[in-house]
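Read the structure below first, then the notes.
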Amino acid sequence: MPRWLAAGREVAPLNATPPALVICVKDLQQELKTRESFTAAFFFALLVQLVFSFAFDFQSLGLGFQDVGAGVLWITLTFSSILSLQNSFVIEREKNCLAALALCPCDPSSVFLGKFLANLIFVLAVQAFVLPISALFFGYDLAAVALPLSLVVVVNAAGFSALGTLFAAISVRTRRSELLLPLLLFPAATPVVIWGVKATRLCLAGRGLEAYEYLVGLSACFGAIFAVAGVLLFDYVLEE
Amino acid sequence: MKNLNYLFWAYTLIWILLAVYLLSLSVRLRAVASQLRRLKSRLSPEEKT
Amino acid sequence: MERLDPMLRTIELVLFPVVAVLMVACLYCIFCVVPNEVTMGAVQRIFYFHVPSAWVAFLGFFVVFVASTLYLTTRQLVWDTLAHAAAELGVLFCAIVLLSGPIWARPAWGTWWTWEARLTTTLVLELVFVAYLVLRSQAESRDQAARLAAVVGIVGFLDVPLIYFSVKLWRGHHPIVFKSGGGEGLEPAMLKTFMLCMFTFTLFFSLLLALRFRLGLLQEDLAEIKDREMSPGA
Amino acid sequence: MSAPSLVSTRNLEFRFGARPVLRGLNLDLHRGESLAVFGSNGAGKTTLLRILATLLRPTGGEAFLDEVPLSARAQRSHLRRRIGFLSHQSMLYERLTARQNLHFYARMYGVDNRARRCAELLEMVELGGREDDPVEEFSKGMQQRLALARALVHDPELVLLDEPFSGLDPRASSRLGTLLQDLPRRGKAVLFTSHHLEMGLGVAHRVAILSGGSFAFDSPRESTSLEGLVAAYASLAGRGA
């Protein structure tokens, strides 16, 4: 048996932090320092809501927020997420840290999981600030639906971020990545947006969880499928 | 027979689309083939030396 | 590649007359043999091209998926060339579906576009694979284009059932296309014509795929020769 | 030398598209040895380093680290733990501090005694006192030094440095020269590229010129004079890729 086969797979020491977590913490550190991703996504989200209230004059049209609110929330979430997804990999590209990550002695899937986790946290952090403000803007009772709504947001944002992390890593490798990411991500993320809007609408209308738990389940499946796809395929994305 | 004009336009458009694609295919094929021939004829005497 | 080229040429030579004859037969059947559909009238005849186009588009995306997987496992650029060819054809036939769908919808439902499940799925898929083609054009090198596109090709295909299911949940009803006068199911002439069209389109797709594949291989040869010219001493 | 070489390549080939960059390159580098690779722009120096760093896969031939093929997938993390790579770009996160950068990579490589190791490295590249400043405030030379510390954070056996002297002032250059001489003494193998013939010759045990996709000149320092090297470089480097 050749020596290199006999050497066996090296196992990381048990007390070591999993690489995915290390990457996630690094991203959070970076974000805490500059807040550039959060600031951009947050103000973009506010702007989207502003444009919406101009575009659909809710009060004079007599529209309640539960009629269009779900749509507004999801457009806000997807558009602002694109910004932070993009930034998450632009940062890695700047000094070619992407290559350094590719060279780390961990599995490429850890890189995917770490970036995915960090992205999800960003999206949720932005939403945590945007949702109360939209409740103020559009005058709906957030407290009454806070719990089921956050479940919907967490699950669907996870699905969106899983696919988004994979596609952001792909688009950042090309020229004009900022154009390519929305082009790739929006059509492919259709399911999770549709299910998210539907579930949010039911949720805002005050329906019980049993009315839309199947939608949350479907979104969870979507997230699981593309998280697995990311884990399996990220190696090819990281490779030079 | 009702709606004949829609039927006519549907098939016309489909055939136009297909024809345009086929045309682009043949143009591209011909361009590549002629470039290949040119390059090969230019390369082969050099390779012999 | 030297092996593939004559094979593809043979396929083209064999398929071309067959497809030509079959296509004429299809058109004859569609316009002269098949009876008019009762409720929709003549316009229903669009479906003899509409549905096979959709089938062939999905077939194309399936080929993208298979070829992409093969590329990632074998790293043979030939597979990537095939995936590229199939994606282009998928986009073409999707466009046919998206063109003929509204023309039918206008007289049948009184509206050009309807957010109906299959039509919407086709639109979303078209967008996914247009993005695939854009990605290819924006990549920095041939190998990178192949690798990144393969990932998108696989993910895009995995997405197909999800998109369809989600859109269906969102919007329902697709028309029942083949309902003849008697109401006792499909008119035999309609079914036969339909099957003939499906078969013809599959062969037509194969012919186009062979042509486009050969074009891709030639382009590869060309790039290689050009590269070799630029690097002296090769 | 009879001991097996730490890194070796057999008939290494790399094509970019159809353009050959490396053609049948053979290399042997032992522990405790350093090699300076010269070559004109586009000769394939960076490509060679990137292949040895497992960042690129060769299109032909094979490279080995301790007789393990670099393409052995199951061994990949094991291999990567033993290789340190300094590239043209710093591979540093500009918004993080020097210390955070080093700690991040130390964690990724599973380095024991992280804090001590990082402090040691910062001292070595003379960045002590600046460790809590964000990297974007560093000068080019400081960034280069920190990048070097980053490449060495996991104490690699094979050290690959792409143009390590670029952007360094004379003092830092001579410090780096000392370090490059010190590493082989501690049993590491060092391979670096340079444009600076004199500097390379002064530091490395062996010098090689990459031309036409393989080593056209490969000689121990003892048997090479600067004039000879300059003459060889002038005659070889002009010969294109």
Side-chain angles (χ1 to χ4, degrees), chain A residues 1-38 87-111 114 118 235-236 238-240, chain D residues 4 47 50-51 53-57 64-97 99-101 103-112 114 134-136 143 146-147 150-151 153-154 156 160 162:
Chain A
M1 189 149 66
R3 185 138 62 100
W4 55 273
L5 261 178
R9 243 193 129 122
E10 202 174 341
V11 184
L14 279 175
N15 58 349
T17 333
L21 218 58
V22 177
I23 292 173
C24 176
V25 168
K26 184 265 301 170
D27 274 13
L28 295 180
Q29 265 179 345
Q30 216 165 349
E31 182 57 31
L32 281 176
K33 208 153 229 169
T34 61
R35 293 194 195 86
E36 57 188 15
S37 211
F38 178 85
N87 192 45
S88 139
F89 280 96
V90 167
I91 281 169
E92 301 288 346
R93 188 179 56 182
E94 264 167 15
K95 293 287 171 183
N96 205 12
C97 296
L98 217 46
L101 283 185
L103 284 181
C104 283
C106 61
D107 206 70
S109 58
S110 315
V111 180
D235 194 8
Y236 302 110
L238 267 187
E239 195 183 292
E240 295 265 305
Chain D
T47 306
R50 284 153 68 92
I51 288 174
T54 71
L55 205 52
L56 283 182
R57 48 169 78 204
F64 302 87
L65 181 72
D66 230 357
E67 291 168 48
V68 183
L70 287 183
S71 58
R73 245 181 141 65
Q75 296 293 306
R76 199 166 54 178
S77 57
H78 184 69
L79 289 167
R80 286 180 171 170
R81 220 178 282 272
R82 304 169 65 190
I83 302 172
F85 176 46
L86 172 75
S87 110
H88 281 215
Q89 284 156 302
S90 67
M91 297 185 175
L92 298 168
Y93 295 96
E94 300 214 294
R95 292 159 188 81
L96 295 181
T97 66
R99 196 206 301 272
Q100 282 172 329
N101 266 294
H103 273 252
F104 169 66
Y105 283 108
R107 274 211 184 88
M108 291 301 287
Y109 279 93
V111 173
D112 297 328
R114 229 172 22 245
V135 174
E136 57 194 348
Q143 291 197 15
L146 185 60
R150 187 210 72 81
V153 74
H154 52 295
L160 304 166
D162 202 359

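- Contact of D:R82 with chain A is not made at all, since no heavy-atom distance falls under 4.5 Å.
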Please assess D:R76 against A:D235 for the test side chain to side chain contact (heavy atoms under 4.5 Å, CB included), listing each intermediate value before the final yes or no. CA-CA 12 Å; D:R76 199 166 54 178; A:D235 194 8; 3.6 Å; yes
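- Separation of atoms CD (D:E136) and NZ (A:K95) is listed at 10.0 Å; rounding is to 0.5 Å.
- With hydrogens and angles ignored, the 3.5 Å screen pairs a side-chain donor or acceptor of D:R80 with a backbone N or O of A:A102.
- At a threshold of 4.5 Å between non-hydrogen side-chain atoms, the residues D:R81 and A:C104 do not count as touching.
- D:R107 is not listed as a side-chain neighbour of A:K26, based on a closest heavy-atom distance of 4.5 Å or more.
- Using a 4.5 Å heavy-atom threshold, the side chains of D:P134 and A:K33 count as separate.
- For D:F85, the part lying near chain A is the side chain, with the backbone staying farther off; criterion is any non-hydrogen pair under 4.5 Å.
- A:P105 and D:S77 make their closest contact through O-CB, 2.9 Å (heavy atoms, listed as atom of the first residue, atom of the second, distance).
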Could you walk me through whether D:F104 and A:C97 pass the side chain to side chain contact (heavy atoms under 4.5 Å, CB included) check? CA-CA 12 Å; D:F104 169 66; A:C97 296; over 6 Å; no
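- The candidate from D:E94, D:R150, D:H154 with the greatest count of non-hydrogen atom pairs under 4.5 Å with chain A is D:E94.
- Here the side chains of D:Y93 and A:Q30 are in contact, with some heavy-atom distance below 4.5 Å.
- Heavy-atom distances place no part of A:D27 under 4.5 Å from chain D, backbone and side chain included.
- Looking at A:V22 and D:Y105, their side chains never come closer than 4.5 Å, going by heavy atoms from C-beta outward.
- Ranked by heavy-atom pairs under 4.5 Å with chain D, the first of A:L98, A:V25, A:L101 is A:L101.
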Go through the steps for D:M108 and A:I23 under the test side chain to side chain contact (heavy atoms under 4.5 Å, CB included), then give the verdict. CA-CA 8 Å; D:M108 291 301 287; A:I23 292 173; 3.6 Å; yes
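- Within the 4.5 angstrom heavy-atom criterion, no atom of A:L238 approaches chain D.
- In this structure, chain A has heavy atoms under 4.5 Å from both the backbone and the side chain of D:L55.
- Using a cut-off of 4.0 Å between Lys/Arg side-chain N and Asp/Glu carboxylate O, A:E94 and D:R95 are scored as salt-bridged.
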